[in-house]
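Everything on this sheet refers to the single structure shown next.
None of these values were measured; they are calculated from a predicted model. Only this structure's heavy atoms are used, side chains among them; waters, hydrogens and symmetry mates stay out.
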Amino acid sequence: MQGQDGERDGRGARNGGEPQAGAPAGTSAEVPAEARAGAPDAEPRRGRPRSAAAERAILDAVIAFLEAGEPLAGLSIERIARTAGVGKATIYRRWSGKEELFVDVVRDMEPTDPPVSGTAGLADLRVMLESLRTRGLAQRSSVLLVNIFAQMKSHPKLWEEYHGTVIAPRRVAMLEAVRRAVAAGELRDDLDVELIDDLFVGPMLVRTVHRPDAPLPDDLADRIITALLQGLAPAARV
């Protein structure tokens with residue numbers, strides 16, 4: 001996948017992984033834990049900083065499976081660990097299960113959410129609308145992302161995890177920005193904030209999700225905001 005290949009090349013360096021059960025005599029499986037702890041390739045113990053290389057290898061292992069056409073339902077923690085060159089305990093120290101891991105894989109493949117000021121109203125709304133547009137573009141250009149989202153929606157537990165940890169926080173952030181815009185006098189204060197939020201997000205969702213053939217021009221966020229602020233009624237005739 002574009003943007004991933006350079007990092008995925010490092011997946012072959014598996015010395016950071018934990019020895020598998022049943023390792024042959026003379027391997028690190030027979031070395032006391034106290035002796036292994038000082039080795040440079042020893043797996044971090046609980047409470048120590050996580051290994052970025054191990055996390056990268058795990059995420060890349062899942063992506064490699066998906067690129068090869070493996071369905072999400074067919075992936076097990078054991079297979080992922082074996083491909084990433086780590087032990088299952090390494091995965092479970094980072095993720096509680098497959099659903100949480102798969103959500104992080106999707107996050108890794110999507111464009112990163114841009115930072116917002118947390119103090120502005122309309123300016124922050126524009127940043128978040130633009131982020132929604134760029135995610136839509138990314139999904140259109142990635143057959144893999146389209147396939148993953150289709151599979152996620154057919155697995156209620158996985159979709160619930162994604163909705164709860166990704167979609168819901170984004171909606172909360174949008175609502176908070178709407179409230180700031182209302183408090184700053186940028187938006188009307190006599191409308192329900194959830195309705196206002198829906199009016200901003202709705203057009204972008206229609207373009208990105210429900211109309212995959214619709215254009216997503218660079219100025220779309222600005223056009224949505226301008227149309228809502230100016231209203232849709234024709235100008236009064238003099």
Any donor and acceptor pair, going by atom type alone, linking the side chain of [X] with main-chain N or O of [Y] inside 3.5 Å?
X: D124; Y: V116; result: no
X: Q139; Y: L145; result: no
X: R133; Y: A221; result: no
X: R179; Y: V193; result: no
X: T208; Y: M204; result: yes
X: R207; Y: P215; result: yes
X: K98; Y: L75; result: yes

Looking at residues at least two apart in the chain, or sitting in another chain, which of them share a side-chain hydrogen bond (donor to acceptor under 3.5 Å, both in side chains) with [X]?
X: S96; answer: E100
X: S131; answer: R135
X: R79; answer: E70

Give me the atom names and distance for the closest heavy-atom approach of [X] to [Y].
X: R140; Y: D213; value: NH2-N, 4.4 Å
X: V201; Y: M174; value: CG2-CE, 3.2 Å
X: H155; Y: A73; value: NE2-CB, 3.5 Å
X: A177; Y: M128; value: CB-CE, 3.6 Å
X: L122; Y: A181; value: N-CB, 3.9 Å

Tell me whether [Y] is reachable from [X] by hopping between hydrophobic residues (I, L, V, M, F, W, Y) whose side-chain heavy atoms are closer than 4.5 Å.
X: L220; Y: V206; value: no
X: L132; Y: I196; value: yes
X: L216; Y: V209; value: yes
X: L205; Y: V178; value: yes
X: L72; Y: V146; value: no

Query raised in the report: When you look at L191 and V182, which way does the side chain to side chain contact (heavy atoms under 4.5 Å, CB included) test go after all the steps?
Result: CA-CA 9 Å; L191 293 178; V182 170; over 6 Å; no
Point-to-point distance, once rounded to the nearest 0.5 Å, from [atom1] of [X] to [atom2] of [Y]:
X: E55; Y: D108; atom1: CD; atom2: CG; value: 10.5 Å
X: R82; Y: S76; atom1: CZ; atom2: OG; value: 7.0 Å
X: I77; Y: Y92; atom1: CD1; atom2: OH; value: 4.5 Å
X: F102; Y: Q151; atom1: CZ; atom2: CD; value: 9.0 Å
X: L228; Y: L125; atom1: CG; atom2: CG; value: 10.0 Å
X: S142; Y: L137; atom1: OG; atom2: CG; value: 12.5 Å

Would you call [X] and [Y] a side-chain contact if the rule is heavy atoms closer than 4.5 Å?
X: M152; Y: I148; value: yes
X: V106; Y: F149; value: yes
X: I58; Y: V105; value: no
X: D104; Y: V62; value: no
X: L187; Y: F200; value: yes
X: L101; Y: I80; value: yes

Taking distance alone, no hydrogens or angles, what donor-acceptor pairs closer than 3.5 Å link side-chain atoms of residues 162-173 to residues at least two apart or in another chain?
residue: Y162; atom: OH; partner: E110; partner atom: OE1; Å: 3.4
residue: Y162; atom: OH; partner: E110; partner atom: OE2; Å: 3.3
residue: T165; atom: OG1; partner: E161; partner atom: O; Å: 2.7
residue: R170; atom: NE; partner: D113; partner atom: OD2; Å: 3.1
residue: R170; atom: NH2; partner: D113; partner atom: OD1; Å: 3.2
residue: R170; atom: NH2; partner: D113; partner atom: OD2; Å: 3.4
residue: R171; atom: NH1; partner: D197; partner atom: OD2; Å: 2.8
residue: R171; atom: NH1; partner: D198; partner atom: OD1; Å: 3.4
residue: R171; atom: NH2; partner: E194; partner atom: OE1; Å: 3.3

Query raised in the report: Considering residues at least two apart in sequence or located in another chain, which fulfil the salt bridge (Lys or Arg N to Asp or Glu O under 4.0 Å) criterion with D189?
Result: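 D189 satisfies salt bridge (Lys or Arg N to Asp or Glu O under 4.0 Å) with no residue once adjacent residues are dropped.
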Query raised in the report: What residues form a salt bridge (Lys or Arg N to Asp or Glu O under 4.0 Å) with D219, not counting sequence neighbours?
Result: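 In terms of salt bridge (Lys or Arg N to Asp or Glu O under 4.0 Å), with neighbours along the sequence ignored, D219 is linked to R223.
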